[in-house]
Amino acid sequence: MDHTKLANLLFPNSKKTPEEYEALYPARDLPAGAKVTRLGPSPTGFIHLGNLYGALADERLAHRSGGVCFLRIEDTDEKREVEGAVPALLSALHYFGIDFDEGASFSGEVGDYGPYYQSRRGEIYQCFVKHLISEGKAYPCFMSEEEIEEIRSLQERDKLNPGIYGPYARHRDLSFEDVVERLGDGQEFVVRFRSEGSPEKYFTVTDAIRGEMSMPENQQDVVILKKSGLPTYHFAHVVDDHLMRTTHVVRGEEWISSLPIHVQLFDALGWDYPIFCHNTVLMKIDEETGQKRKLSKRKDPELSLEYYQKEGYFPEAVREYLMTILNSDYEEWRLADPEAPLDAFDFTADKMSNSGTLFDLNKLNDVSKDVLARKTAEEILAFMLRWAGEYQPSLAGLMADNSDKLLKIFDIDRGGPKPRKDLINGRQIFAFISYFFDEHFMIRDDFPSECSPGDIKEILRRYLASYDEADDNETWFGKIRQITADLGYAVKPKDYKKNPEQYKGHVGHVSNVIRIAITGRSSSPDLWTIQQIMGAQTVRRRIAEAHGLFD
RNA sequence: GUCUCCUUGGUCAAGUGGUCAAGACGUCGCCCUCUCACGGCGGAAUCAGGGGUUCGACUCCCCUAGGAGAUACCA
């Protein structure tokens, strides 16, 4: 049969030739070794940590090599599309430091290899589908859902592999006349690839992350063009990544099993393969089953990127965490040079992990503490104001009004060789310092059990009487020592530990009485510094109020 | 069911035939210390199981088990 005739019958409006498209999208002019990567999300509206994880790999691989990282929107499934998903994706990724060189952007499409929305690439796909048909490598299939269902149940009954292949590909060799007739009847069709593959035969590809992988050839006549005229993922991937001159295809390992299809399509079109980089997906332990499982946008709302924005994680902290799990030696590199720019790190595909990585909130928090410890008080403040403005409007005004105070608070033990590391994210930071604000202050912790109510009252009375804002740290603490000794507590904790029977407690307990009265909690940074920031008036008032509790 | 990928401490992991099997988080203990945090020191804790190959196996081969994914006109 004349395949060209069939191709023209099916796609009369597709005029361009493959050669014309090849010329339209020439090889990129990039320095040797430059990688071209892409992120190809389907615009379903949800972005979670796993997506960022992959996006960061794309971004690093490209930019580290002086290459290009572009954004292609894979919107070939109209059913799943969500309004506004693209800007949301763009802004979330931008927030976490990922920007694209070309592709979909806030201001439309940028770049010479577009369109970057698959839904706008219909003509291109049709051209190549038509080309395959004219070469006899693809064919229209008119089978109904019912017919396919029937084939499947037959296959299941006979314990055969399900799918449309070999004898089950009933429309492989429809005559031209038959096709004309069906078309005349208004029958709709999909285009299937005519697979010559055999599951007996194995092929090998080299994956940049996993090394050599071999698997059986695909024998299914997969659909490459849907009834809607849009391509399936498989076909779109092959055509787009070829025409957009992608060098490295970074994607989740869930795609490994469709590699046989992709390889087959590249071969059929006579194109070279890109370098495949199948990374792992981020996992978590399912609370119910106790098993590892892939992150799910439905079950794990706390893993959506928005969650981290709401909690007030520094974008840099999240990125830093992801880097540690993305490239195994990143952490040690960072340890060796905490100030080095991200770009100085030699990010490579072969250092990426190939087994399921569990998301570890603990680790994220630890990384975040390190990152924040390197920030200046001004940077922390600026971030907090921005965060509160966005997500905690009730705090925004309060913080803005107290910028000077906050600056001092954030500056406590900052900047030295051994900075405090107790700031994690916006929400936590505010909770951590909330006692500075009367409207958020409360006595939260119990007074130490070593001190009797009478002693507590007396400690507070004497403290209030002796308190002088002008005292330096040493003088101030000397007064506490005095009270400690006067009331029968050990001035040195060690004395108390050695002879607990000789004392009621030690200076730490006495200090904590004061600490709790002032901050409401039994642990805090240096009290003297806190008092300086808080101001004598508030200090006195709180001491007096606590004293009043024991009347 | 079939196919594929994966399997080193609680977690992230280095490791490619000969190591007392790195490091980080967490955890425990000690030190520093008025609390907390920081910091310092130290401890416990890992090669999924079984067969081979080899003088020698975490490293190579086979089997088993477990985990993950695919098996769509979803990506």
Side-chain angles (χ1 to χ4, degrees), chain A residues 40-44 74-77 79-80 118 141 143 145 148 152 156 159-164 188-192 199 207 210 213-216 218 220 222-228 230-234 236-237 251-261 278 280-281 283 285 291-294 321 324-325 328-332 334-335 351 353-367 369 373 412-413 416-423 432 445 448 477 480-481 484 491-494 506-512 514-516 519 521-528:
Chain A
S42 56
T44 55
E74 311 209 334
D75 53 352
T76 55
D77 185 14
K79 294 187 228 42
R80 306 199 337 173
Q118 289 182 332
C141 171
M143 281 198 283
E145 267 177 59
I148 292 171
R152 168 177 294 272
E156 272 166 16
K159 301 215 187 316
L160 293 164
N161 284 335
I164 304 304
E188 293 182 303
F189 66 92
V190 300
V191 177
R192 289 183 185 273
D207 183 286
R210 290 157 197 268
M213 293 197 293
S214 76
M215 47 191 84
N218 169 58
Q220 304 274 341
V222 294
V223 171
I224 56 177
L225 201 70
K226 301 187 272 191
K227 262 183 201 162
S228 63
L230 289 172
T232 54
Y233 171 86
H234 309 301
H237 148 60
R251 59 182 9 171
E253 63 186 335
E254 69 266 26
W255 292 109
I256 292 176
S257 24
S258 25
L259 209 43
I261 297 170
H278 289 97
T280 42
V281 290
M283 322 268 285
I285 300 281
Q291 310 240 298
K292 262 190 184 186
R293 53 144 242 262
K294 198 175 154 182
Y321 167 67
T324 67
I325 54 178
S328 50
D329 60 340
Y330 183 80
E331 219 175 339
E332 289 176 60
R334 174 55 75 201
L335 221 48
K351 286 190 283 188
S353 164
N354 59 185
S355 61
T357 297
L358 271 188
F359 170 72
D360 186 352
L361 183 63
N362 223 325
K363 187 89 180 184
L364 200 212
N365 286 158
D366 180 71
V367 170
K369 285 179 190 174
I412 298 173
D413 282 341
K418 295 192 289 188
R420 299 186 73 86
K421 291 182 181 172
D422 38 22
L423 270 27
F432 187 69
D445 293 347
F477 198 61
I480 291 179
R481 284 210 180 87
T484 300
V491 172
K492 292 179 178 168
K494 273 187 177 162
H506 62 75
V507 67
H509 301 124
V510 174
S511 300
N512 258 0
I514 299 162
R515 186 187 314 280
I516 290 166
T519 68
R521 46 193 81 176
S522 58
S523 62
S524 78
D526 177 59
L527 238 198
W528 182 82

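Lettering of chains follows the sequences in order, A, B, ..., and the numbering in each one begins at 1.
- When the P atom is compared between B:rC41 and B:rG23, the two are found 12 Å apart, to the nearest whole Å.
- Side-chain contact between A:Lys369 and A:Asp422: absent, with no pair of heavy atoms (C-beta onward) separated by less than 4.5 Å.
- In this structure, the CG atom of A:Leu225 is 11 Å from the P atom of B:rC74, given to the nearest Å.
- Tested against A:His237 for a side-chain hydrogen bond (donor to acceptor under 3.5 Å, both in side chains), the candidates A:Glu74, A:Gln118, A:Arg251 yield a single pass: A:Arg251.
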Extract from the structure each pairing of a protein N or O with an N or O of nucleotides 59-65 of chain B at less than 3.5 Å, listing the distance.
none

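- In this structure a side-chain-to-backbone donor-acceptor pair under 3.5 Å is missing from A:Thr484 to A:Val507.
- Every residue meeting the side chain to side chain contact (heavy atoms under 4.5 Å, CB included) condition with A:Glu253, not counting sequence neighbours, appears here in chain and number order: A:Arg210, A:Ile256, A:Thr280, A:Val281.
- Between A:Trp255 and A:Tyr233, the ring planes are parallel. Angles under 30° get that label, and only those over 60° would be called perpendicular.
- Between the CD1 atom of A:Ile412 and the P atom of B:rC38 there is a distance of 16 Å, rounded to whole Å.
- Both A:Thr280 and A:Pro41 sit near RNA chain B, but only A:Thr280 has its closest nucleotide nearer the 5' end.
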Task: Summary of protein contacts for nucleotides 22-27 of chain B, nucleotide by nucleotide, where a base hit scores B, a sugar-phosphate-only hit scores S (4.0 Å, heavy atoms) - done: BSBSS-
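- Helical stems in RNA chain B, defined as runs of 3 or more consecutive Watson-Crick or G-U wobble pairs with both donor-acceptor distances under 3.5 Å, are listed by first residue as B:1-7 with B:65-71, B:10-12 with B:23-25, B:27-31 with B:39-43, B:48-52 with B:60-64.
- Looking only at side-chain heavy atoms (C-beta outward), A:Cys141 and A:Val223 stay at 4.5 Å or farther from each other.
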I'd like a table of atom pairs between the protein and nucleotides 1-5 of chain B - only N or O on both sides, under 3.5 Å - with the distance next to each one.
{"residue": "B:rU4", "atom": "OP1", "partner": "A:Tyr202", "partner atom": "OH", "Å": "3.1"}
{"residue": "B:rC5", "atom": "O2'", "partner": "A:Arg210", "partner atom": "NH1", "Å": "2.5"}

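- When the P atom is compared between B:rA14 and B:rU59, the two are found 16 Å apart, to the nearest whole Å.
- Listed nucleotides B:rG39, B:rA75, B:rU11 differ in distance to A:Tyr233; the shortest reach to its side chain belongs to B:rA75.
- In this structure, CD of A:Glu254 is placed 14 Å from C1' of B:rC6, rounded to the nearest angstrom.
- For A:Glu156, the salt bridge (charged side-chain N to carboxylate O under 4.0 Å, His left out) partners are A:Arg152, not counting sequence neighbours.
- Taking atom P in both B:rG49 and B:rG66, the straight-line distance is 15 Å, to the nearest Å.
- B:rA57 and B:rA68: their C1' atoms are spaced 27 Å apart (whole Å).
- When the P atom of B:rG67 is taken as reference, atom CG of A:Leu358 falls 14 Å away, rounded to whole Å.
- Distance alone, capped at 3.5 Å, is enough to place a donor-acceptor pair between the A:Tyr321 side chain and the A:Asp360 backbone.
- With sequence neighbours excluded, no residue satisfies salt bridge (charged side-chain N to carboxylate O under 4.0 Å, His left out) with A:Asp445.
- As rounded to the nearest Å, B:rC63 and B:rC3 have P atoms that lie 12 Å from one another.
- Protein atom NE2 of A:His237 is 16 Å distant from nucleotide atom P of B:rA70, rounded to whole Å.
- Residues passing the side chain to side chain contact (heavy atoms under 4.5 Å, CB included) test with A:Ser523: none are found, sequence neighbours excluded.
- Nearest heavy-atom pair across A:Lys351 and A:Asp329 is NZ-OD2, 3.1 Å.
- Taking the ring pair (Phe, Tyr, Trp, His ring centres under 6.0 Å) definition, one finds that A:His506 meets it with A:Tyr496, A:His509, sequence neighbours left out.
- Between A:Ser522 and A:Asn512, the shortest heavy-atom contact is O-OD1, 3.2 Å.
- Side-chain N/O atoms of A:Thr357 include one lying less than 4.0 angstrom from OP1 or OP2 on B:rA13.
- With sequence neighbours left out, the salt bridge (charged side-chain N to carboxylate O under 4.0 Å, His left out) criterion links A:Lys421 to A:Asp370.
- When all heavy atoms of A:Thr76 and A:Pro231 are compared, the pair lying nearest together is CB-O, 3.5 Å.
- Distance check on atom C1': B:rU7 versus B:rG50 gives 16 Å, rounded to whole Å.
- Contact annotation: A:Thr76 reaches the phosphate of B:rA75 (side-chain N/O to OP1 or OP2, under 4.0 Å).
- The shortest distance between side-chain heavy atoms of A:Val222 and A:Thr232 does not fall below 4.5 Å.
- Counting only distance, with no hydrogens or angles, the side chain of A:Asp413 and the backbone of A:Arg420 share no donor-acceptor pair below 3.5 Å.
- The side chain to side chain donor-acceptor pair (under 3.5 Å) test applied to A:Ser524 returns A:Arg515, not counting sequence neighbours.
- Nucleic acid contact for A:Ser353: sugar-phosphate only, since backbone atoms but no base atoms lie under 4.0 Å from a heavy atom of the residue.
- Look at the C1' atom in both B:rU46 and B:rC58: the space between them is 10 Å, to the nearest Å.
- Summarising the geometry, the separation between NZ on A:Lys351 and P on B:rG15 is reported as 10 Å, rounded to the nearest angstrom.
- Here A:Val190 lies in heavy-atom contact (under 4.0 Å) with a base.
- Protein atom CZ of A:Arg334 is 20 Å distant from nucleotide atom C1' of B:rA14, rounded to whole Å.
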- [ ] Can you check each nucleotide of nucleotides 30-35 of chain B against protein heavy atoms at under 4.0 Å and return B for base, S for sugar-phosphate only, - for none, in 5' to 3' order?
- [x] --S-BB
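- Look at CZ on A:Arg251: it is 13 Å from C1' on B:rA70, rounded to the nearest Å.
- Here, B:rC20 and B:rG26 have their C1' atoms 25 Å apart, quoted to the whole Å.
- Projected onto RNA chain B by closest heavy-atom contact, A:Asp329 and A:Asp422 fall at different nucleotides, the more 5' of which corresponds to A:Asp329.
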